[in-house]
Amino acid sequence: MGTRATQIAVGLTLAAAALRFATLDVQSIWLDEAATIALVHRGFSGMLSHLPSSESSPPLYYVLVWAWTKVFGAGPLGFRSFSALAGTATVPVLYVGGRSISPRVGLWAAALATVNPALYYYSQEARCYALLILLCAGALVLWQRALQAPSTRRVALWAGVSILALLTHYFAAFLFVPEAIVLARRLGWRRLLAPSGAVVAVGVALLPLAIRQREGGRKAAWIEATPLHTRIAQTAKEFVIGVYGPLEIVTAALGGLLVLGLLTLLLRRAGALERHAARDVALVAAVALLLPLAGSATHVVDVFDGRNVIGTWGAAGILFAIGLGCARASCAGALLGLCLCALSLAVIVGIDVGPGYQ
């Protein structure tokens with residue numbers, strides 16, 4: 001099963017690449033992508049100096065895509081191909097994360113990542129979110145491995161990828177916090193002091209930039225203007241059937257029912273190992289969502305939005321995959337998984353062929 005599962009995962013990765021790269025020019029450039037293009041068209045120092053007034057995220061994505069466009073060109077395809085590559089790479093990363101539980105869970109995690117409309121959308125966008133999803137998923141997988149077989153190297157790798165995620169988007173901190181707490185409880189705080197301290201040090205170093213970006217404009221005003229309950233509902237919909245698409249009410253209802261079904265399988269049919277893994281992943285996802293939600297509810301920092309928390313998708317995807325691939329789910333898990341993948345593909349096709357979505 002191991003070799004065959006790996007071969008299927010490679011096939012899913014190739015399918016994800018074909019799906020993302022073949023349609024890079026279908027959508028027109030929109031406002032936020034235009035801001036990225038204008039920023040990266042500057043010289044390197046000019047780009048960095050304009051970052052606080054132009055963007056509300058850290059510099060890593062812009063540094064990488066600036067270098068990327070010097071090789072692949074500064075047109076829409078050149079810009080978007082970086083996100084498409086990051087989105088494609090997320091598929092094998094989540095396969096590895098799910099495979100740590102079982103090959104079947106790994107394949108379902110890879111399959112969901114291949115066709116999920118939200119991951120497809122961000123893989124087609126010249127923004128930092130595809131890179132954020134990849135790095136958060138990578139940190140999550142390294143965190144799983146550090147829990148399963150602790151070593152100084154694995155903990156250091158987890159901290160290093162967490163730093164890269166934090167340098168991509170501030171919301172990566174909300175994933176780091178529960179991961180660090182769980183690791184510290186299992187391994188002891190002494191073993192976590194140096195690697196966690198390095199992540200915290202980078203976060204502190206980013207604070208002046210974050211404050212300048214927050215004070216330099218009202219880039220988040222559109223988020224605050226949207227009622228919080230609406231944003232919560234939109235985020236749930238986005239995780240399942242994407243940012244937008246045809247027949248949104250119908251597809252959201254169907255997707256919600258399928259997710260409810262797989263979570264029921266997880267609760268009723270998962271074995272002890274699967275429940276243990278699901279509990280850890282669910283804790284990380286829940287805390288990563290609840291912390292920014294609490295900030296918005298209390299109006300301390302009101303920036304909860306589907307885009308900002310999309311880095312949590314990797315944890316949610318593995319959790320969904322455990323429900324579909326748990327040993328006793330059998331035919332029910334396969335049926336739910338195939339239906340969810342078919343629904344996801346239908347949404348993607350509907351967006352790509354519908355002129356109103358271009």
Next item on the list: May I have the step-by-step check of side-chain contact (heavy atoms from CB on, under 4.5 Å) for Tyr95 and Leu12, ending in yes or no?
Entry: CA-CA 10 Å; Tyr95 167 71; Leu12 287 170; over 6 Å; no
Shared ILVMFWY cluster between [X] and [Y], side chains joined below 4.5 angstrom?
X	Y	value
Leu283	Ile322	yes
Val259	Leu335	no
Ile351	Leu343	yes
Val63	Leu164	yes
Leu273	Leu267	no

Shortest non-hydrogen separation from [X] to [Y] and the atoms involved:
X	Y	answer
Val155	Ala146	CG2-CB, 4.1 Å
Cys136	Gly311	CB-O, 3.4 Å
Asp352	Val26	O-CG1, 3.8 Å
Ala35	Glu55	CB-OE2, 3.9 Å
Gly87	Ala130	N-CB, 4.3 Å
Cys128	Thr168	O-CG2, 3.7 Å

Under a 4.5 Å cut-off applied to non-hydrogen side-chain atoms, are [X] and [Y] in contact?
X	Y	value
Val10	Gln7	no
Arg186	Pro150	no
Leu51	Met47	no
Trp313	Leu94	yes
Tyr121	Asn116	no
Trp108	Phe320	no
Leu60	His169	no
Ile223	Asn308	yes

Next item on the list: Assess whether atom CG of Leu207 is packed by more than 12 heavy atoms of other residues, nucleotides or ligands within 6.0 Å.
Entry: yes
Note to self: Tell me if the CZ atom of Arg268 is crowded by more than 12 foreign heavy atoms within 6.0 Å.
What the structure shows: no
Under the 3.5 angstrom rule, does the side chain of [X] hit a backbone N or O of [Y] as a donor-acceptor pair?
X	Y	answer
Arg80	Gln124	yes
Thr114	Ala110	yes
Trp189	Ala184	no
Ser296	Phe304	yes
Arg99	Leu107	no
Tyr61	Arg127	yes
Ser102	Gly98	no
Ser162	Trp158	yes
Arg154	Arg145	yes
Glu238	Val243	no

Distance, nearest 0.5 Å, that separates [atom1] of [X] from [atom2] of [Y]:
X	Y	atom1	atom2	value
Ser83	Tyr122	OG	OH	11.5 Å
Thr312	Leu289	OG1	CG	4.5 Å
Ile318	Leu140	CD1	CG	4.5 Å
Thr226	Asp305	OG1	CG	7.5 Å
Ile8	Thr3	CD1	OG1	11.0 Å
Arg42	Leu39	CZ	CG	7.0 Å

Next item on the list: Check Leu193, Leu192, Val199 against Ser196 for a side chain to side chain contact (heavy atoms under 4.5 Å, CB included) and give me the one that passes.
Entry: Leu192
Note to self: Quick test of your reading of the model: are Asp280 and Arg275 salt-bridged, counting only N-O distances below 4.0 Å?
What the structure shows: no
Next item on the list: Classify the ring geometry between Phe79 and His41 as parallel (under 30°), tilted (30 to 60°) or perpendicular (over 60°).
Entry: tilted
Next item on the list: Classify the angle between the aromatic ring planes of Trp68 and Phe82 as parallel (below 30°), tilted (30 to 60°) or perpendicular (above 60°).
Entry: perpendicular
Check: Any side-chain donor paired with an acceptor under 3.5 Å for Arg20 and Ser123?
Finding: yes
Item checked: Donor + acceptor pair across side chains of Glu125, Tyr120 (<3.5 Å) -> no
Next item on the list: Could you check Ile310 against Phe239 for side-chain contact (heavy atoms from CB on, under 4.5 Å), going step by step and ending with a plain yes or no?
Entry: CA-CA 8 Å; Ile310 196 63; Phe239 270 51; 4.0 Å; yes
Item checked: Stepwise side-chain contact (heavy atoms from CB on, under 4.5 Å) check, Phe21 with Ser81 -> CA-CA 7 Å; Phe21 281 95; Ser81 60; 4.0 Å; yes
Margin query: Pair Phe176, Val200 - check side-chain contact (heavy atoms from CB on, under 4.5 Å), show working.
Written below: CA-CA 10 Å; Phe176 163 74; Val200 171; 4.2 Å; yes
